[in-house]
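Report on one structure; see the data block that follows.
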Amino acid sequence: MNTFMRKLNFKRILKSILTVYLLFFGLIVFGQNPEVETSIHKNVQKRTDEIFDNLIQIRRDLHTYPELSEQEKRTSKKIEEYLLSLGLEVKTNIGGYGVVGILNGHKAGKRIAWRADIDALASDFPDVVDFKSKNKGVRHICGHDIHTTIGLGIANILTSQKENIDGTVYFLFQPSEENYEGAKAMINDGLFDMIDPEEIYGLHIVPFPAGTIATKGEEVFAHYNAIKVSFKNSHSTDSLIDYTKKLISSFQNIKPESKFWDPGNLTDSNVGIGNPNTIFKNYLTVNEDFSIKQTNNEVVISTIIQSSNGKQLDSLIKSLKQNINESKYSKDLISVEYSWEKDVVLNDKNLAAKALNSITNIYGKQSVIPLYGEVPYGFGDDFAYFQNQVPGVYFFLGGANYEKGIISMPHTPNFDVDEDCIRTGVNFFSSMIIESLNNE
Ligand SMILES: [Zn+2]
Ligand SMILES: [Zn+2]
């Protein structure tokens with residue numbers, strides 16, 4: 001009932017927002033018939049309802065037989081079989097157990113990739129669901145069983161609509177996300193010689209309510225890196241170490257008693273990342289657990305830094321150098337640098353705005369949570385490596401259900417999700433891809 005009402009509203013207001021829409025996004029929608037478009041999205045939802053029970057079976061099967069990074073043999077076989085059953089062209093063993101399915105629409109057009117990660121994690125804690133893991137010490141506590149199922153679901157839906165869509169959709173099933181190796185491995189194995197997407201999308205489950213999705217332009221996760229300050233080993237080592245630790249720590253702008261430190265607040269409606277006044281923005285934190293390495297010649301002081309934006313990380317280097325150069329230790333300074341090469345998810349601003357807009361128009365405002373902050377605590381996704389090559393958007397998908405008591409962060413021992421988020425993921429992102437292909 002609700003959904004239907006929203007559609008009526010959509011049709012009524014479509015005319016008036018069209019001008020604004022065009023101004024903002026430069027979309028060419030002339031000649032497009034809103035009736036036809038609406039009926040495509042109705043078909044999407046109808047079809048998702050039809051295959052939903054089967055998708056749940058697939059998810060539970062994947063959950064029962066989770067596989068660690070680089071060992072996703074059974075999982076990739078299941079994916080391959082499903083994609084072949086849809087009649088797609090399928091490529092396997094890309095960068096390990098990576099699988100790609102290729103769907104060609106009614107005629108040539110835009111090329112879009114959808115990525116799902118497929119691996120599980122080591123965990124000895126008992127499963128909280130009835131369909132418990134049968135692979136000892138391995139569990140899907142990051143929700144990649146859900147991501148894989150949604151990827152297959154979207155492939156099914158778009159295949160059923162292929163006469164109504166223009167262009168090509170690539171379904172990327174990526175192994176080894178948890179060790180941050182799989183995306184790189186697929187790329188190094190020639191992924192982008194086989195396929196040539198113009199846009200790439202993917203998602204991760206988070207404890208927002210099931211039925212919602214969230215994203216923003218640019219970062220959705222904090223940058224996370226090890227800062228390393230090296231000095232010549234002089235006679236005053238203790239005071240030098242003390243000075244440097246205090247100096248680095250002074251750049252932290254989050255107080256020890258802040259709600260920032262409790263991950264439970266990430267999706268809080270007042271301070272969480274979905275609120276414009278979120279406490280999870282413009283932050284830089286310094287891990288107090290410094291590592292000190294001394295040799296006869298050198299003292300190296302390092303620790304982990306996280307920051308909500310990359311520019312802040314660059315300016316930290318400059319500020320540290322400046323402070324040290326103005327101190328009595330200036331003559332001993334060798335270098336200030338970051339130790340890790342680790343890319344961060346960086347969403348294309350225009351594509352993010354377009355995607356949020358089309359999902360809002362089709363599924364209603366309450367389905368979409370615009371983000372204002374970046375997730376800290378070292379979370380990230382090697383989807384970043386795909387985005388280095390192809391502009392794209394990474395979404396958060398709500399998997400929590402507060403009434404059912406399902407609310408957990410990925411990687412926690414009791415991680416659980418409301419399976420209805422599979423319906424949301426399949427519907428929203430099938431529709432989003434159709435809109436993007438047909439409204440070129
Ligand atoms: Zn994970
Ligand atoms: Zn994950």
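Note that ligands are numbered from 1 as they come in the structure, with each ligand's atoms numbered from 1 the same way. We number each residue from 1, following the sequence as shown.
Residue contacts to the Zn ion (ligand 1): His144 brings no N, O or S atom closer than 2.8 Å. Among the atoms of Glu178, an N, O or S atom falls under 2.8 Å from the Zn ion (ligand 1).
Vertex the Zn ion (ligand 2); arms to His204 NE2 and Cys142 SG; angle rounded to 10 degrees, 100°.
Ala155 and Leu83 get closest at one heavy-atom pair: CB-CD2, 3.9 Å.
Salt bridge status for Glu199 with Lys110: present, with a side-chain N to carboxylate O gap under 4.0 Å. At a threshold of 4.0 Å, the pair Glu218-Lys216 does not count as salt-bridged, since none of the basic side-chain nitrogens sits closer than that to a carboxylate oxygen.
Proximity of the aromatic rings of Phe221 and Phe396 is defined here by a centroid distance below 6.0 angstrom, and this criterion is met.
Distances from the Zn ion (ligand 1) to each N, O or S atom of His411 single out NE2 as the nearest.
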